[in-house]
Colleague: 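Here it is: the structure, laid out below.
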Amino acid sequence: PVEVGMGRARSRGAADRFEAEAVQFHERVREGLVELAARNPKRSVRIDAAQPPEQVVEQCWQEIRLRL
């Protein structure tokens, strides 16, 4: 979710050019990426980034291992 990502970005400190964009921008980007993943299921994996960061990283590594 956009709110989770923006919250994590804020906790890292000063916003960069993309993080400073409005919520609507981030919603459109997310929608586009979700659509892209749906059209390319063999090339994309959706990972629930609302999980604790450690779990997100572990799930990413699991998916990478499956593909190597």
Side-chain angles (χ1 to χ4, degrees):
V2 168
E3 299 80 24
V4 172
M6 292 181 79
R8 287 183 180 164
R10 279 192 297 272
S11 72
R12 289 192 300 263
D16 69 13
R17 181 173 63 121
F18 289 107
E19 292 164 349
E21 289 287 341
V23 172
Q24 295 82 4
F25 168 81
H26 294 283
E27 289 287 352
R28 286 192 314 272
V29 169
R30 182 181 186 280
E31 289 170 12
L33 291 171
V34 167
E35 182 181 326
L36 185 63
R39 285 187 292 175
N40 299 287
K42 291 183 179 181
R43 295 187 64 192
S44 302
V45 175
R46 288 187 62 191
I47 294 175
D48 181 4
Q51 304 174 82
E54 299 80 20
Q55 288 179 320
V56 173
V57 170
E58 181 54 36
Q59 192 173 357
C60 289
W61 279 116
Q62 287 175 8
E63 294 298 334
I64 291 168
R65 284 185 204 106
L66 287 173
R67 286 156 178 76
L68 292 179

Colleague: Heavy atoms only: give me the nearest Gln51-Asp48 pair and the separation to one decimal.
Modeller: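 Looking at all heavy atoms of both residues, the shortest contact is NE2-O, 2.7 Å.
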Colleague: Would you sort out whether Glu21 and Val29 count as a side chain to side chain contact (heavy atoms under 4.5 Å, CB included), showing the intermediate values?
Modeller: CA-CA 11 Å; Glu21 289 287 341; Val29 169; over 6 Å; no
Colleague: Output the distance between atom CD1 (Ile47) and atom SG (Cys60), rounded to the nearest 0.5 Å.
Modeller: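 It is 3.5 Å, given to the nearest 0.5 Å.
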Colleague: Only one of Arg28, Glu27, Glu31 passes side chain to side chain contact (heavy atoms under 4.5 Å, CB included) with Val2; say which it is.
Modeller: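 Of all the options given, the one that passes is Glu27.
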Colleague: With a 4.5 Å cut-off on side-chain heavy-atom distances among I, L, V, M, F, W and Y, is there a chain of contacts connecting Trp61 to Val45?
Modeller: no
Colleague: Taking all heavy atoms of Ala38 and all of Pro41, pick out the closest pair and write down the distance.
Modeller: O-CD, 3.5 Å
Colleague: Measure across Val4 and Ala49 and return the closest heavy-atom pair with its distance rounded to 0.1 Å.
Modeller: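 Shortest heavy-atom contact: CG1-O, 3.8 Å.
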Colleague: For a side chain to side chain contact (heavy atoms under 4.5 Å, CB included) check, start with the C-alpha distance between Arg30 and Val34, then their side-chain angles and the critical distance, and finish with the verdict.
Modeller: CA-CA 6 Å; Arg30 182 181 186 280; Val34 167; 4.1 Å; yes
Colleague: Answer yes or no: is there an ion pair linking Glu58 with Arg65, defined by an N-O contact shorter than 4.0 Å?
Modeller: yes
Colleague: Check the surroundings of atom CZ in Arg43: do more than 12 heavy atoms from other residues, nucleotides or ligands lie under 6.0 Å from it?
Modeller: no
Colleague: Taking atom NE2 of His26 and atom CD of Gln24, what is their separation to the nearest 0.5 Å?
Modeller: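 Atom-to-atom, His26:NE2 and Gln24:CD are 9.5 Å apart.
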Colleague: Quick check for you: to the nearest 0.5 Å, what is the distance between Arg46 atom CZ and Gln59 atom CD?
Modeller: 11.5 Å
